[in-house]
A.B. asks: 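Take a look at this one; I'll ask things after.
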Protein chains: 2
Amino acid sequence: MLRLSKRVEYGLIALRHFAAIQEGTVCTAKEISQKYNVPHELLAKVLQKLAQARIIQSYQGVRGGYVLVHHPSSIKISHVINAIEHEKPMLAECYADGPESCIIFDDCTIRRPLGKIQKNINHFFHSMSIAEIV
Amino acid sequence: MLRLSKRVEYGLIALRHFAAIQEGTVCTAKEISQKYNVPHELLAKVLQKLAQARIIQSYQGVRGGYVLVHHPSSIKISHVINAIEHEKPMLAECYADGPESCIIFDDCTIRRPLGKIQKNINHFFHSMSIAEIV
DNA sequence: GAAAATAGGATAAGAACAGTCGTATTTTCA
DNA sequence: TGAAAATACGACTGTTCTTATCCTATTTTC
Ligand code: SF4
Ligand code: SF4
């Protein structure tokens, strides 16, 4: 319960890696997967997602790989999660999928109070950047 | 991702119900399940967990049910979660199940930084009581 | 043209979760 | 004293989510 997905963890590890090495260095998925002992195929997909979100830049072909294009301090954890997961990290089903997703929506008395906690978590994810986890 | 379980949601709804009605009133699982349109059997289990944790008092037999025994302001959300879920709400697997649970533990670079967010969430759950969601 | 890398779809195995069922026990009350 | 109503508890099922792997195509370098 309340777990972060491995995909997000792997994404954060990879981005922290980029932030820690010399700026502009190209890294391959293989390099990172070996260094941190994470599954190569899964990490590759995560990096592809991050590339789609323009958080990193991809280069195909031999000698290809990925490069960080923004300064680590401008990459918030919320950006990373949004890029990797199709759904935002929501405490309640209805927050993510709307009123129709929960059959007790109309009778629910805790939706609004839980919103406070949700807001707090959102704020934390949005205020913390990759630069702060190096 | 990052979802609260339905069990916890149902538990919070039930406790908010107790906090909203007159102090000392006995309620049955059936009453609450009907009022909030929640699955009866599942709610019953949740109430049993809350009773085991002494958050509510149970009475068996006809005219039995549950009563709130503490003041709503002294029942923190963290207590409720701990009573219902066997595991505390942890962002990372290793926080809950120890170093052996994650194969990349030794190579993990994000464990400590994520701890800040974990701490923040813990604090929020511990500072918010049932009285505040009525 | 071979090799190394990203891109992306498909699939399978596993775990977690929600919900249901069945039965025992306790207590009230007619 | 027996039926009824409620908690207590374990087992089971079906679904969804998550993780991991596999396979193929494409791009680019050398
Ligand atoms: S309506 Fe209430 S119970 Fe349903 S998902 Fe939203 S917060 Fe949870
Ligand atoms: S060691 Fe790192 S990757 Fe593994 S569970 Fe803990 S935080 Fe997540």
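Reminder, nothing fancy here: chain letters follow the sequence lines and each chain counts from 1. Since the model is a prediction, treat every value here as computed from it, not as a measurement. In what follows, every heavy atom counts, from backbone to side chain, and hydrogens, waters and symmetry copies are set aside.
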A.B. asks: Do B/Lys45 and C/dG19 have a side chain to base donor-acceptor pair shorter than 3.5 Å?
C.D. replies: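 In this structure, the two groups form no donor-acceptor pair.
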A.B. asks: Nearest to the side chain of B/Ser58, heavy atoms from C-beta on, is which of D/dT7, C/dG19, C/dC17?
C.D. replies: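 Closest of the options to the side chain of B/Ser58: D/dT7.
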A.B. asks: Run the salt-bridge test on A/Arg3 and A/Glu9 with the 4.0 Å N-O cut-off and return the result as yes or no.
C.D. replies: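 Between A/Glu9 and A/Arg3 there is no salt bridge, as every charged N stays at least 4.0 Å from the carboxylate O atoms.
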A.B. asks: Figure out the CD/P separation between A/Glu41 and C/dA10, and round it to whole Å.
C.D. replies: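 From A/Glu41 CD to C/dA10 P: 16 Å.
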A.B. asks: May I ask you to evaluate whether A/Tyr66 reaches the phosphate of C/dA5, defined as a side-chain N or O under 4.0 Å from OP1 or OP2?
C.D. replies: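 It does not, given that no N or O in the side chain of A/Tyr66 lies less than 4.0 Å from OP1 or OP2 of C/dA5.
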A.B. asks: Quick one: B/Gln60 CD to C/dT26 P, roughly how many Å, whole number?
C.D. replies: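 Checked: the CD to P distance equals 7 Å.
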A.B. asks: Salt bridge or not for A/Lys116 and B/Glu132, using N-O below 4.0 Å?
C.D. replies: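 B/Glu132 and A/Lys116: not salt-bridged.
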A.B. asks: Test A/Met1 against B/Ile81 for side-chain contact (heavy atoms from CB on, under 4.5 Å), laying out the working first.
C.D. replies: CA-CA 10 Å; A/Met1 213 192 86; B/Ile81 295 177; 4.0 Å; yes
A.B. asks: Assuming nearest nucleotide by heavy-atom distance, tell me which of B/His40 and A/His86 is located more 5' along DNA chain D.
C.D. replies: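 Checking each residue's closest nucleotide, the 5'-ward one belongs to B/His40.
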A.B. asks: Between A/Gln52 and A/Leu2, which has a closest nucleotide on DNA chain C that is more 5'?
C.D. replies: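 Going by which nucleotide is closer to the 5' end, it is A/Gln52.
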A.B. asks: Tell me the interatomic distance from A/Leu42, atom CG, to C/dT11, atom C1', rounded to whole angstroms.
C.D. replies: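 In whole Å, C/dT11 C1' lies 14 Å from A/Leu42 CG.
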A.B. asks: Return no unless some side-chain N or O of A/Tyr59 is found under 4.0 Å from OP1 or OP2 of D/dT26.
C.D. replies: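 A/Tyr59 to D/dT26 OP1/OP2: no side-chain N or O under 4.0 Å.
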A.B. asks: In terms of the nearest nucleotide of DNA chain D, which residue is placed more toward the 5' end: B/Val62 or B/Gly65?
C.D. replies: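 Per heavy-atom nearest nucleotide, the more 5' residue is B/Val62.
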A.B. asks: Provide, to the nearest angstrom, the distance between the CD1 atom belonging to A/Ile103 and the P atom belonging to C/dG19.
C.D. replies: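 The answer, rounded to whole Å, is 6 Å.
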A.B. asks: Can you find a side-chain donor-acceptor pair between A/Ser5 and A/Glu85 that sits under 3.5 Å?
C.D. replies: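 A/Ser5 vs A/Glu85: donor-acceptor pair found between side chains.
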A.B. asks: Describe the nucleic acid contact of A/Ala51 in one word from base, sugar-phosphate, nothing, applying a heavy-atom distance below 4.0 Å.
C.D. replies: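 The residue A/Ala51 makes no contact with any strand.
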A.B. asks: Which nucleotide, if any, forms a Watson-Crick or G-U wobble pair with C/dT6, using both distances under 3.5 Å?
C.D. replies: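 Per the H-bond distance test, D/dA25.
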A.B. asks: Given atom NZ of A/Lys6 and atom P of C/dA15, what is their separation to the nearest angstrom?
C.D. replies: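 A/Lys6 atom NZ is separated from C/dA15 atom P by 14 Å.
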A.B. asks: Measure the distance from CG on B/Leu43 to C1' on D/dT7 and round it to the nearest whole Å.
C.D. replies: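 B/Leu43 atom CG is separated from D/dT7 atom C1' by 12 Å.
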A.B. asks: Could you check whether B/Ala29 gets within reach of a base, just the sugar-phosphate, or nothing at all, counting any heavy atom under 4.0 Å?
C.D. replies: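 Touches sugar-phosphate only.
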A.B. asks: Find the distance A/Leu47:CG to C/dG8:C1' and express it as a whole number of Å.
C.D. replies: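 Computing the A/Leu47:CG to C/dG8:C1' distance gives 14 Å.
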A.B. asks: How close or far is atom P of D/dT7 from atom CZ of B/Arg63, stated in whole angstroms?
C.D. replies: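 B/Arg63 atom CZ is separated from D/dT7 atom P by 13 Å.
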A.B. asks: Check the side chains of B/His40 and B/Ser33 for a donor-acceptor pair under 3.5 angstrom, ignoring hydrogens and angles.
C.D. replies: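 Result is no, nothing qualifies.
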